[in-house]
Amino acid sequence: MTDKTWAEVDDYLTEALLAPDPVLDDALADSAAAGLPSIAVAPNQGKLLNLLARLAGARTILEIGTLGGYSTIWLARALPAGGKLVTCEYEPKHAEVARANLARAGFGEDVAEIRVGAALDTLPALTGPFDFVFIDADKANLANYVRAALELSRPGTTIVVDNVVRQGRVADAGSDDPNVRGARAMFDVLAAEPRLDATAVQTVGTKGHDGFVLAIVG
């Protein structure tokens with residue numbers, strides 16, 4: 001199996017199960033045109049986030065790591081009428097692109113609010129609890145983001161953390177890669193925290209070999 005095969009399968013699954021979506025396509029195109037890194041979730045992964053948030057019955061969603069707002073749109077679409085999403089983005093330029101993409105998708109600040117700045121600075125100012133949390137920000141701080149998310153959660157809150165396998169390098173206890181070390185520190189938090197019941201799943205696809213954490217607050 002190769003990265004090419006993984007990408008071909010992802011493309012097939014997306015074409016088979018996801019309808020064409022110009023709003024999401026434009027969000028990716030405008031993000032690329034603005035020079036944002038091409039690290040948004042894949043379409044089938046975006047749909048997974050949407051389904052998980054709907055399964056959780058989420059009325060309030062917290063996202064840590066907005067980028068151009070692609071995953072934000074998927075999550076905002078899972079909200080019922082009157083629901084609210086707050087997303088944290090470090091880079092003002094990214095937030096500007098995301099705000100335009102969200103507006104085009106029909107989500108103003110009354111539904112999808114962007115907090116600009118370092119998430120560990122902006123998160124303490126938020127009022128929880130949130131029903132669903134998606135963490136997709138700098139990997140060196142994953143443990144801190146999980147701790148912060150837990151403080152903004154309630155029993156039953158769903159927490160999803162992306163990019164935790166690091167092309168398989170997460171299994172290397174001797175790695176000096178800060179992203180790998182950050183992921184491993186997060187797993188230590190998950191294992192030690194009695195309020196969290198979690199698992200992790202490897203994935204392959206257009207984003208290569210990676211994976212995500214799925215946790216529920218008890």
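If you're wondering where the values come from, they're calculated on a predicted model, not measured in any experiment.
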Any side-chain heavy-atom pair from [X] and [Y] closer than 4.5 angstrom?
X: Phe134; Y: Thr72; answer: no
X: Val133; Y: Thr157; answer: yes
X: Leu17; Y: Asn44; answer: no
X: Phe212; Y: Thr203; answer: yes
X: Arg104; Y: Asp30; answer: yes
X: Val41; Y: Tyr70; answer: yes
X: Met186; Y: Tyr145; answer: no

By the salt bridge (charged side-chain N to carboxylate O under 4.0 Å, His left out) test, which pairs, at least two apart or in different chains, include something from [range]?
range: residues 154-166; answer: Asp131-Arg154
range: residues 63-76; answer: none
range: residues 16-26; answer: Asp21-Arg77

- prompt: Is there a donor-acceptor pair closer than 3.5 Å between any side-chain N or O of Thr66 and the backbone N or O of Cys88?
  reply: yes

- prompt: Counting N and O atoms only, with roles assigned by atom type, does the side chain of Asn101 sit under 3.5 Å from a partner on the main chain of Gly69, one being a donor and the other an acceptor?
  reply: no

Any chain of hydrophobic side-chain contacts (each under 4.5 Å) joining [X] to [Y]?
X: Ile159; Y: Val86; answer: yes
X: Leu214; Y: Leu75; answer: yes
X: Ile64; Y: Leu150; answer: yes
X: Leu120; Y: Ile114; answer: no
X: Ile216; Y: Val161; answer: no

[X]: partners by side-chain hydrogen bond (donor to acceptor under 3.5 Å, both in side chains), with sequence neighbours left out:
X: Glu15; result: none
X: Asn179; result: none
X: Arg99; result: Glu109
X: Ser153; result: none

query: Who else is in Leu36's hydrophobic cluster (ILVMFWY, side-chain heavy atoms under 4.5 Å, direct or via others)?
result: Ile39, Leu67, Val97

State, to 0.1 Å, how close [X] and [Y] come at their nearest heavy-atom pair, and which atoms those are.
X: Gly83; Y: Val111; answer: O-CG1, 4.2 Å
X: Ala58; Y: Leu79; answer: O-CD2, 3.8 Å
X: Asp210; Y: Val165; answer: OD1-N, 2.9 Å
X: Val23; Y: Ala105; answer: CG1-CB, 3.6 Å
X: Ile73; Y: Ala27; answer: CD1-CB, 4.1 Å
X: Ala112; Y: Phe107; answer: CB-CB, 4.2 Å

task: Check each of Val160, Val164, Leu142 against Ile135 using the side-chain contact (heavy atoms from CB on, under 4.5 Å) test, and report the only one that passes.
output: Leu142

message: Please enumerate all residues that pass salt bridge (charged side-chain N to carboxylate O under 4.0 Å, His left out) together with Glu113, with sequence neighbours excluded.
response: Lys84, Arg115

query: What residues form a salt bridge (charged side-chain N to carboxylate O under 4.0 Å, His left out) with Glu151, not counting sequence neighbours?
result: Arg195

field: Approximate separation, where rounding is to 0.5 Å, of Leu196 CG and Leu190 CG
entry: 6.0 Å

- prompt: Is the count of non-hydrogen atoms from other residues, nucleotides or ligands lying under 6.0 Å from Glu96 atom CD greater than 12?
  reply: no

message: Please determine whether the number of non-hydrogen atoms from other residues, nucleotides or ligands lying under 6.0 Å from atom CZ of Arg181 exceeds 12.
response: no

task: Go through the structure and list residues passing side-chain contact (heavy atoms from CB on, under 4.5 Å) with Ala200, not counting sequence neighbours.
output: Phe187, Val213

Mind listing the side-chain donor-acceptor pairs of residues 45-53 below 3.5 Å, one per line with the distance, residues two or more places apart or on another chain?
from: Gln45; atom 1: OE1; to: Ala42; atom 2: N; distance (Å): 3.0
from: Asn50; atom 1: OD1; to: Arg54; atom 2: NH1; distance (Å): 2.9
from: Asn50; atom 1: ND2; to: Trp74; atom 2: O; distance (Å): 2.9

